[in-house]
Asks: 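Before anything else, here's the structure in question.
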Amino acid sequence: MECKREQNLKGCTCTAACGNHGICCECVRHHREQNQIPGCFFPKNAEATYDRSIENFIKVWSKK
């Protein structure tokens with residue numbers, strides 16, 4: 001499957017500067033290896049904290 005990086009970048013809400021930006025499959029793989037959630041799964045204010053932990057993800061979304 002071909003990666004649509006340019007198309008992915010248009011909708012990506014992650015503010016981290018990393019080599020996986022826009023390459024969703026690599027981003028998900030990296031965060032799974034770190035036992036984390038990718039930044040694009042968080043609301044904007046929570047994403048800005050760079051806390052990608054599963055615990056933070058649950059805390060943030062349980063308040064919504």
Side-chain angles (χ1 to χ4, degrees):
M1 182 163 90
E2 179 184 341
C3 182
K4 298 178 181 178
R5 185 175 192 185
E6 294 305 315
Q7 185 177 350
N8 293 342
L9 286 171
K10 291 176 185 174
C12 185
T13 58
C14 183
T15 57
C18 74
N20 293 329
H21 198 72
I23 308 172
C24 301
C25 58
E26 291 297 320
C27 180
V28 169
R29 181 195 54 76
H30 167 77
H31 286 288
R32 283 185 61 170
E33 289 174 353
Q34 302 300 314
N35 201 29
Q36 298 174 339
I37 305 286
C40 61
F41 284 66
F42 289 87
K44 188 174 184 174
N45 63 330
E47 187 280 331
T49 68
Y50 297 106
D51 182 351
R52 308 286 193 245
S53 68
I54 294 170
E55 294 80 8
N56 189 46
F57 177 80
I58 292 168
K59 181 176 80 173
V60 167
W61 284 109
S62 66
K63 294 178 181 178
K64 297 270 178 200

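Computation of the quantities below employed the complete heavy-atom set of this structure, encompassing side-chain atoms and omitting hydrogens, waters and symmetry-equivalent molecules.
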Asks: Do F57 and E55 come within less than 4.5 Å of each other through their side chains, counting heavy atoms only?
Replies: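 Of all side-chain heavy-atom pairs linking E55 with F57, none is under 4.5 Å.
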
Asks: About how many Å separate SG of C25 and CZ of R5, when rounded to the nearest 0.5 Å?
Replies: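 Here the rounded value is 10.5 Å.
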
Asks: Would you give the length of the straight line joining atom CD of E47 to atom CG of N56, rounded to the nearest 0.5 angstrom?
Replies: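 E47 CD to N56 CG: 11.0 Å, rounded to 0.5 Å.
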
Asks: Using a 4.5 Å cut-off on heavy atoms from C-beta on, say whether the side chain of C18 contacts that of E26.
Replies: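 Side-chain contact under 4.5 Å: no.
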
Asks: Taking the side chain as C-beta and beyond, is there a heavy-atom pair between F41 and R52 under 4.5 Å?
Replies: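 When only atoms from C-beta onward are counted, R52 and F41 do not touch, as no gap falls below 4.5 Å.
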
Asks: Closer than 4.0 angstrom, basic N to acidic O: yes or no for R29 and E33?
Replies: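 E33 and R29: salt-bridged.
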
Asks: Where do N8 and G22 come nearest, in terms of heavy atoms and distance?
Replies: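 So the minimum-distance heavy-atom pair works out to ND2-O, 2.9 Å.
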
Asks: To the closest 0.5 Å, what do you measure between OG1 (T13) and CZ (F42)?
Replies: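 Answer for the OG1-CZ pair, T13 versus F42, is 10.5 Å.
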
Asks: Between W61 and P43, which heavy-atom pair has the shortest distance, and what is it?
Replies: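 Minimum heavy-atom contact is CZ2-CD, 3.5 Å.
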
Asks: Tell me, do N35 and I54 make a side-chain contact under 4.5 Å, heavy atoms counted?
Replies: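 In short, these two side chains touch, coming nearer than 4.5 Å.
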
Asks: Identify the heavy atoms of C12 and H21 that sit nearest to each other, and give their distance.
Replies: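 Nearest pair, atom of C12 first, then H21: SG-CE1, 3.5 Å.
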
Asks: Rounded to the nearest 0.5 Å, how far apart are CD1 of I37 and CZ of R32?
Replies: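 Those atoms lie 10.0 Å apart.
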
Asks: For V60 and D51, run side chain to side chain contact (heavy atoms under 4.5 Å, CB included): C-alpha distance rounded to whole Å, both residues' side-chain angles, the deciding distance at 0.1 Å, then the answer.
Replies: CA-CA 11 Å; V60 167; D51 182 351; over 6 Å; no

